[in-house]
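FYI, side chains are in, hydrogens and waters are out, and symmetry mates aren't considered; it's all heavy atoms of this structure.
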Amino acid sequence: MNNKLNSASLAKIDEIVAKHRDEKGPVKLMLHEVQDELGYIPFEAIEKIAAGTGTSVADVYGVVTFYTQFTTAPKGKHVINVCLGTACYVKGSKAILDHVCEITATGVNKTSEDGLFSVDATRCLGACGLAPIFTIDGRVVGASTKSIVTAEINKILKEEKVIN
């Protein structure tokens, strides 16, 4: 596999592996920290974590693919998660998801061509009483409507100077 990471990213991964190597259950700690630093978990990190913990690459990859909060692909600058859990779905979250995709020109579980947005369909986000909900950059937005979605995304577009 081609090494696409720069030396600073590789050094950061090495630092994270060294820091957590002797802790109990270090794999998830390392994965969380790598993703916090890089925005995703590249294959090089999986290899380094496996080597640093004496675990197989397959086992580390299994952890990455089991937990939905981990991603092996770079995300957009702004991440939008739309809950499709039962309470949200019944209250119209599928229409919210479709609207998000339409106004960001992004597909479900994809990143926009300009790298500005990633849109993910998720299961229960644990705020059923606020259904339908979505998160935008980790912030929960409840009782969502298409107009709320539009306002939230337009706020970002203005901050990014994409629109006036």
Side-chain angles (χ1 to χ4, degrees), residues 9 12-13 16-17 19-20 23-46 49 53 55 58-163:
S9 294
K12 189 63 179 173
I13 293 167
I16 290 167
V17 170
K19 179 169 106 178
H20 295 291
E23 296 177 25
K24 287 187 175 188
V27 171
K28 273 190 72 184
L29 291 171
M30 292 176 189
L31 291 170
H32 277 293
E33 197 163 329
V34 166
Q35 185 159 294
D36 287 345
E37 286 292 326
L38 304 179
Y40 73 111
I41 301 169
F43 188 74
E44 294 87 352
I46 293 171
I49 289 169
T53 60
T55 307
D59 285 343
V60 175
Y61 184 76
V63 172
V64 170
T65 57
F66 179 79
Y67 292 100
T68 58
Q69 73 264 30
F70 295 130
T71 181
T72 56
K75 293 287 187 179
K77 185 173 181 183
H78 301 281
V79 178
I80 301 170
N81 293 295
V82 180
C83 181
L84 295 179
T86 303
C88 288
Y89 193 85
V90 167
K91 291 193 173 186
S93 64
K94 176 66 168 85
I96 299 292
L97 177 61
D98 292 344
H99 188 63
V100 168
C101 290
E102 180 184 325
I103 63 177
T104 61
T106 309
V108 177
N109 300 325
K110 304 278 186 209
T111 298
S112 60
E113 286 187 28
D114 62 6
L116 195 56
F117 294 103
S118 287
V119 177
D120 294 318
T122 62
R123 294 294 168 216
C124 186
L125 293 170
C128 302
L130 300 173
I133 70 164
F134 68 96
T135 64
I136 191 160
D137 296 334
R139 183 175 50 84
V140 175
V141 180
S144 302
T145 63
K146 288 181 181 181
S147 62
I148 289 172
V149 167
T150 300
E152 291 290 333
I153 293 171
N154 282 343
K155 189 179 343 173
I156 288 173
L157 293 172
K158 285 178 184 173
E159 289 170 3
E160 296 290 339
K161 299 182 179 16
V162 175
I163 63 172

- Message: Set out, in order, the CA-CA distance, both residues' side-chain angles and the distance that settles side-chain contact (heavy atoms from CB on, under 4.5 Å) for V63 and D59, then state yes or no.
- Response: CA-CA 6 Å; V63 172; D59 285 343; 6.0 Å; no
- Item | Within 6.0 angstrom of Y61 OH, more than 12 heavy atoms from elsewhere | no
- Message: To the nearest 0.5 Å, what is the distance between OG1 on T106 and CG on L116?
- Response: 8.5 Å
- Message: Are more than 12 heavy atoms, taken from residues, nucleotides or ligands other than K110, located less than 6.0 Å from that residue's NZ atom?
- Response: no
- Item | Any donor-acceptor N/O pair, T145 side chain to I148 backbone, under 3.5 Å | yes
- Passes side-chain contact (heavy atoms from CB on, under 4.5 Å), M30 versus V60? Steps please. CA-CA 10 Å; M30 292 176 189; V60 175; over 6 Å; no
- Item | Under 3.5 Å: donor-acceptor pair, side chain of E37, backbone of I13 | no
- At what distance, to the nearest 0.5 angstrom, does CD of E160 lie from NZ of K155? 13.5 Å
- Query: Can you tell me if T150 and H99 form a side-chain donor-acceptor pair at under 3.5 Å?
  - Reply: yes
- With sequence neighbours left out, the residues meeting ring-ring contact (aromatic ring centres under 6.0 Å, His included) with Y40 are none
- Under the side-chain contact (heavy atoms from CB on, under 4.5 Å) rule, what do T104 and S112 come out as? Steps first, then yes or no, please. CA-CA 7 Å; T104 61; S112 60; 5.6 Å; no
- Query: Yes or no on side-chain contact (heavy atoms from CB on, under 4.5 Å) for R139 and I136, after CA distance, side-chain angles and deciding distance?
  - Reply: CA-CA 5 Å; R139 183 175 50 84; I136 191 160; 3.4 Å; yes
- Query: Picking from N154, V141, I103, what satisfies side chain to side chain contact (heavy atoms under 4.5 Å, CB included) with V149?
  - Reply: I103
- Task: Supply the atom-to-atom distance E44 CD to I49 CD1, rounded to the nearest 0.5 angstrom.
- Result: 11.5 Å
- Message: Looking at every non-hydrogen atom in both residues, tell me the closest pair between I96 and K146 and how far apart they are.
- Response: CD1-N, 3.8 Å
- Item | Crowding at NZ, K28 (>12 non-hydrogen neighbours, <6.0 Å) | yes
- Message: Is it the case that the side chain of S118 and the backbone of T111 share a donor-acceptor pair, with hydrogens and angles ignored and the cut-off at 3.5 Å?
- Response: no
Sequence neighbours left out, cut at 3.5 Å: what donor-acceptor pairs do the side chains of residues 121-134 make with other protein atoms?
unit_1 : atom_1 : unit_2 : atom_2 : d
T122   : OG1    : V82    : O      : 3.3
R123   : NH1    : L84    : O      : 3.2

- Message: Looking at every heavy atom in both C88 and C83, which two are closest together, and how far apart are they?
- Response: CB-O, 3.4 Å
- Query: Does a side-chain heavy-atom distance below 4.5 Å link D98 with K94?
  - Reply: yes
- Message: Let me confirm one number: the CD1-CZ distance from I46 to F70, rounded to the nearest 0.5 Å.
- Response: 10.0 Å
- Message: Check whether N109 reaches the backbone of D120 with its side chain - one donor and one acceptor, N or O, closer than 3.5 Å.
- Response: no
- Query: What's the spacing between F117 CZ and I156 CD1 if we round to 0.5 Å?
  - Reply: 5.0 Å
- Message: Nearest 0.5 Å, please: how far is CD in E159 from NZ in K77?
- Response: 9.0 Å
